[in-house]
Every structure is written in C-alpha cells, then in structure tokens.
Amino acid sequence: MLKARVITALFLLAGLLSAVFLLPAFGWLAFVSVVCGAAAAEWGEIVGFPVFRKRIYAFLLGFICLAGGLVAGLHREETVAPFSLVPVYAVSALFWVLCAPFWLRARWALSGSGASAIVGVVLLLPPSLAMAHLRLLSPWLLLGVMAAVWVADIAAYFTGRAFGKRKLAPSISPGKSWEGAYGAVLAVVIYGFLCLSFTGHGVSDAGTGVVIVGALVAFTAISIMGDLFESMLKRQAGVKDSGTLLPGHGGILDRIDSLTSTLPFAGLLVLWFAR
C-alpha cells in the first residue's frame with residue numbers, strides 16, 4: 001500500500017505541475033471542470049444517487065463549472081479580478097463558517113437527493129473555480145495555497161502519531177488528535193512566514209504579524225474542518241474512501257477534501273485585495 005501511495009503521489013504531482021505550468025487558461029479551466037465533474041460523481045456515490053442520476057449530476061456540475069468560468073473570464077489570460085465570483089466564494093465561506101461547525105457537532109445526515117445535490121454544488125463548485133482563478137493570477141499562488149493545505153495535513157499526521165493523546169473528533173475521525181491540530185497550526189504559521197519572507201513581503205510591525213498569524217490559524221482550522229466534514233459523510237455512508245480512482249489514495253474527494261474549504265477563502269481574499 002505504501003508503494004502504491006508513493007507512486008500515485010508522484011504521478012499526481014507530475015501531472016498537476018505539468019497542467020498548472022503548461023496548459024493555457026482555457027485548457028486549465030477545462031481540466032478543472034473535468035476534475036469537478038469526477039469529484040461530483042464520487043459525491044453522488046457517497047450520498048447514494050442511482051447510477052444514471054450520478055452521471056447526469058457529474059456532467060451538469062462539470063458543465064456549470066466550465067460555463068461559470070467562461071462567464072467570469074477565467075479562460076482569458078488577461079483576466080485579473082473576476083469579481084463575479086464573489087457571490088460564489090461568499091456562499092462557500094458562509095457554509096464553512098456558519099453551517100459546517102454545527103453540522104459536524106450534530107453529525108446531521110443528508111436526507112433527500114435535492115439537499116444532497118445542493119450541498120455538493122456548494123462543496124465542489126467554488127473551489128473548482130478558485131483553482132482556475134488563482135492559477136490565472138500565478139501558478140505559484142495556486143501551488144502556494146495548495147501547499148499550505150499539504151503542510152497542514154503532513155504536520156497533523158506526524159505530530160499526531162508522535163504526541164497524539166486527546167482525540168479531536170473520535171466519532172468522526174478517530175485518528176485525528178488535538179496535538180496533531182496544534183502541530184498543523186504551527187507548521188502552517190512557519191510556512192506562511194517563510195513564504196512571505198521569500199517573496200519579499202516581510203512583516204513590518206507586530207500588529208501586522210498578529211493579523212497574519214490569526215489568518216494562518218483560521219486557514220488551518222478551515223482546512224481541518226473540510227477534512228472532518230468529508231470523513232463524517234463517508235462514515236455515515238459506510239465507506240472508507242470516496243472512490244478507487246487513485247491507487248493507495250482512494251478517490252478525488254479524498255485528496256481535495258481540505259481544498260474544498262480553503263480555496264474559496266483564498267479566492268475571496270485575493271479579490272478583496274484587488275478592489
């Protein structure tokens with residue numbers, strides 16, 4: 001299993017870097033739309049859609065992603081600030097801030113295909129468009145945000161294995177601990193300041209530093225929440241992985257769970273500074 005995970009990870013990284021740096025804007029948007037549709041198919045499987053409905057849902061969500069990106073101008077290299085995405089990002093942000101924490105606490109189960117379809121759109125469409133948006137500004141910006149999520153995941157895993165004693169959410173994901181979460185926060189804060197220093201945006205005063213630390217802590221918390229949310233839904237569905245597309249890694253949703261919650265916030269923040 002470890003060998004399969006490593007090989008798959010290397011192929012995924014090579015494919016991602018090739019697509020990020022080599023595809024034109026429209027090609028990247030189309031690629032992201034295909035990923036969105038594939039993730040939607042896995043979502044349909046988790047929530048129990050029949051095969052035909054799952055395929056229609058996946059096609060529609062991929063098409064909506066492509067159409068939304070075209071309307072926002074994400075297929076044009078010169079697009080800088082697609083403010084039409086603000087409502088899309090805002091809906092996602094409100095979901096993760098106002099709804100997801102209570103959902104995780106109460107462990108509500110999705111009931112009804114309509115509600116399941118709507119939640120799937122909220123989970124998958126905003127981060128997909130954010131992937132197209134951030135890459136349009138800079139491939140390194142997109143990779144930097146994604147790397148922050150990976151840093152959080154890796155730090156949480158190893159810190160949790162070494163020091164984990166208090167369970168973070170035992171009924172949802174027994175392997176996660178508060179110590180792992182603290183390790184993730186520390187790692188992301190260090191990573192964030194290293195990135196700022198490397199790009200020449202050093203912290204000029206204590207107040208700015210406090211704001212940046214607060215933002216990085218919030219980013220990490222949102223990342224962990226996205227991971228826990230998918231874990232809860234998979235547990236309720238009685239499945240270990242969202243799919244089998246990626247040997248050793250499960251499905252697409254298993255790899256982007258934390259990105260579904262963090263990328264829309266990154267997109268919203270970028271548009272805020274672009275005002």
Side-chain angles (χ1 to χ4, degrees), residues 20 23-37 39-40 43 60-103 115 117-149 188 192 195-196 199 201 208 211-212 214-226 229 256-275:
V20 167
L23 287 177
F26 177 77
W28 175 253
L29 175 60
F31 173 80
V32 167
S33 300
V34 171
V35 173
C36 181
W43 173 259
L60 286 176
L61 200 50
F63 176 78
I64 291 171
C65 180
L66 179 62
L70 292 173
V71 170
L74 301 182
H75 62 297
R76 297 193 299 267
E77 301 286 352
E78 64 271 17
T79 300
V80 176
F83 289 108
S84 59
L85 293 179
V86 169
V88 179
Y89 294 157
V91 168
S92 176
L94 290 173
F95 173 82
W96 288 110
V97 171
L98 300 180
C99 182
F102 301 100
W103 197 324
I118 292 172
V119 172
V121 172
V122 174
L123 289 180
L124 298 176
L125 184 60
S128 299
L129 292 172
M131 286 183 68
H133 170 206
L134 296 178
R135 188 265 190 181
L136 198 60
L137 298 177
S138 168
W140 292 108
L141 174 60
L142 173 61
L143 291 174
V145 174
M146 296 175 74
V149 171
V188 171
C195 287
L196 288 174
T199 56
H201 296 85
T208 302
V211 171
I212 293 173
L216 292 171
V217 170
F219 179 91
T220 310
I222 293 293
S223 171
I224 294 172
M225 195 182 305
F229 191 79
I256 66 169
D257 47 10
S258 297
L259 295 174
T260 60
S261 57
T262 51
L263 283 175
F265 279 93
L268 200 58
L269 186 63
V270 166
L271 290 178
W272 172 269
F273 284 111
R275 292 180 308 158

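Here the structure is a predicted model, which means the values were calculated and not measured.
Taking CD1 of I224 as the start and OG1 of T262 as the end, the distance is 11.5 Å to the nearest 0.5 Å. A distance of 10.5 Å separates CD1 of I256 from OG of S261, quoted to the nearest 0.5 Å. To the nearest 0.5 Å, the span separating CZ on F31 from SG on C36 amounts to 12.0 Å. Distance check, rounded to the nearest 0.5 Å: CG of L263 to CG of L259 gives 5.0 Å. To the nearest 0.5 Å, atom CG of residue L216 and atom CG of residue L196 are 7.5 Å apart.
Scanning for ring-ring contact (aromatic ring centres under 6.0 Å, His included) contacts around F229 gives F95, W96, W103, with sequence neighbours left out. Under the rule for a side-chain contact (heavy atoms from CB on, under 4.5 Å), the partners of A147 that lie at least two apart in sequence or sit in another chain are W150, Y191. For L70, the side-chain contact (heavy atoms from CB on, under 4.5 Å) test picks out F26, L29, L66, H75, with sequence neighbours left out. Residues meeting the side-chain contact (heavy atoms from CB on, under 4.5 Å) test with S258, sequence neighbours left out: V149, D153, S223, D227.
Side chain of E77 to main chain of A25: a donor-acceptor pair is present (N/O by atom type, distance under 3.5 Å, no hydrogens or angles).
A pairwise comparison of heavy atoms in A100 and M225 identifies CB-SD, 3.7 Å as the closest pair.
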Donor-acceptor contacts under 3.5 Å from residues 79-86 side chains, at least two apart:
unit_1, atom_1, unit_2, atom_2, d
T79, OG1, G73, O, 2.5
T79, OG1, R76, O, 3.4

Using residues 117-140 as the side-chain source, report each donor-acceptor pair under 3.5 Å to any protein atom, sequence neighbours left out, with the distance given to one decimal.
unit_1, atom_1, unit_2, atom_2, d
S128, OG, L124, O, 2.7
H133, ND1, Y89, OH, 3.0
R135, NE, V20, O, 2.7
R135, NH1, L23, O, 3.2
R135, NH2, V20, O, 2.7
R135, NH2, L23, O, 2.2
S138, OG, W140, N, 3.1
S138, OG, L141, N, 3.4

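Inter-residue side-chain proximity for L269 and F265 is flagged as unmet; no heavy-atom pair is nearer than 4.5 Å.
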